[in-house]
S.K.: 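Just dropping this structure here.
Numbers here simply count residues along the sequence, with the first being 1. Reckoned from all heavy atoms, side chains included, excluding hydrogens, waters and symmetry mates.
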Amino acid sequence: MPADPEKNPPTVTPVRVVIALCLVAPFVAMLWVSSYAKVDPAFIGIPFFYWYQMLWVLISTALTMLAYKLWQRDQRARKGGAST
């Protein structure tokens with residue numbers, strides 16, 4: 001007996017792709033060291049190498065929050081529950 005597509009939504013959806021990109025972006029940015037292994041441009045006397053990494057701490061926080069909120073919304077939609 002074939003599965004009902006309405007009861008089994010697809011596993012890979014555009015929202016889940018966005019969630020994955022939000023979570024992978026900081027890793028890619030930090031692992032690509034040659035892109036930020038330099039001194040200039042300095043920001044208030046702090047070399048680029050350091051302030052770039054600290055900026056990614058803030059960006060990673062925002063992207064993780066976004067991914068979490070999207071995941072919650074996706075799970076509510078899959079269960080057919082009311083939004084809270």
S.K.: Do W56 and I44 belong together in a cluster built from hydrophobic side chains that touch within less than 4.5 Å?
M.R.: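 W56 and I44: one cluster.
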S.K.: Hey, quick one: are M54 and I59 part of the same hydrophobic cluster, counting side-chain heavy atoms closer than 4.5 Å, chains of contacts allowed?
M.R.: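 No, it is not one cluster - the side chains of M54 and I59 are not joined through contacts under 4.5 Å.
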S.K.: Are V33 and M30 linked, directly or through intermediate hydrophobic residues, by side-chain heavy-atom contacts shorter than 4.5 Å (ILVMFWY only)?
M.R.: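 Yes, it is one cluster - the side chains of M30 and V33 are joined through contacts under 4.5 Å.
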S.K.: side-chain contact (heavy atoms from CB on, under 4.5 Å), that's the test. Do K79 and D74 meet it? Break it down for me.
M.R.: CA-CA 9 Å; K79 291 179 182 174; D74 183 60; over 6 Å; no
S.K.: Linking directly or through intermediates, with side-chain heavy atoms under 4.5 Å: list the remaining ILVMFWY members grouped with V18, chain and number order.
M.R.: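 Members besides V18, by chain and number: V15, I19, L23, L66, L70, W71.
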S.K.: Is M65 reachable from L21 through a run of I, L, V, M, F, W or Y residues, each pair having side-chain heavy atoms under 4.5 Å apart?
M.R.: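 No: no chain of side-chain contacts under 4.5 Å links L21 to M65.
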S.K.: Taking the side chain as every heavy atom from C-beta outward, state whether K38 and F49 have any pair of such atoms under 4.5 Å apart.
M.R.: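 A side-chain contact under 4.5 Å is absent here.
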S.K.: Please test V17 against T13 for side-chain contact (heavy atoms from CB on, under 4.5 Å), starting from the C-alpha separation and ending with a verdict.
M.R.: CA-CA 6 Å; V17 171; T13 63; over 6 Å; no
S.K.: Answer with yes or no whether the hydrophobic clustering places Y68 together with F27; edges join I, L, V, M, F, W, Y residues whose side-chain heavy atoms lie under 4.5 Å apart.
M.R.: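 No; F27 is not reachable from Y68 via cluster members.
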S.K.: Do Q72 and Q75 have side chains that get closer than 4.5 Å, going by heavy atoms?
M.R.: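 Q72 does not reach Q75 side chain to side chain.
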S.K.: Can you name the residues that form a ring-ring contact (aromatic ring centres under 6.0 Å, His included) with F48, not counting sequence neighbours?
M.R.: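 Counting only residues at least two positions away or on another chain, F48 forms a ring-ring contact (aromatic ring centres under 6.0 Å, His included) with W51, Y52.
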S.K.: Does a sphere of radius 6.0 Å around OH in Y50 hold more than 12 heavy atoms from other residues, nucleotides or ligands, not counting ones at 6.0 Å or beyond?
M.R.: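 Counting neighbours around OH of Y50, 12 or fewer heavy atoms of other residues, nucleotides or ligands fall under 6.0 Å, so no.
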S.K.: Does any non-hydrogen side-chain atom of T64 lie less than 4.5 Å from one of C22?
M.R.: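 No; the side chains remain at least 4.5 Å from each other.
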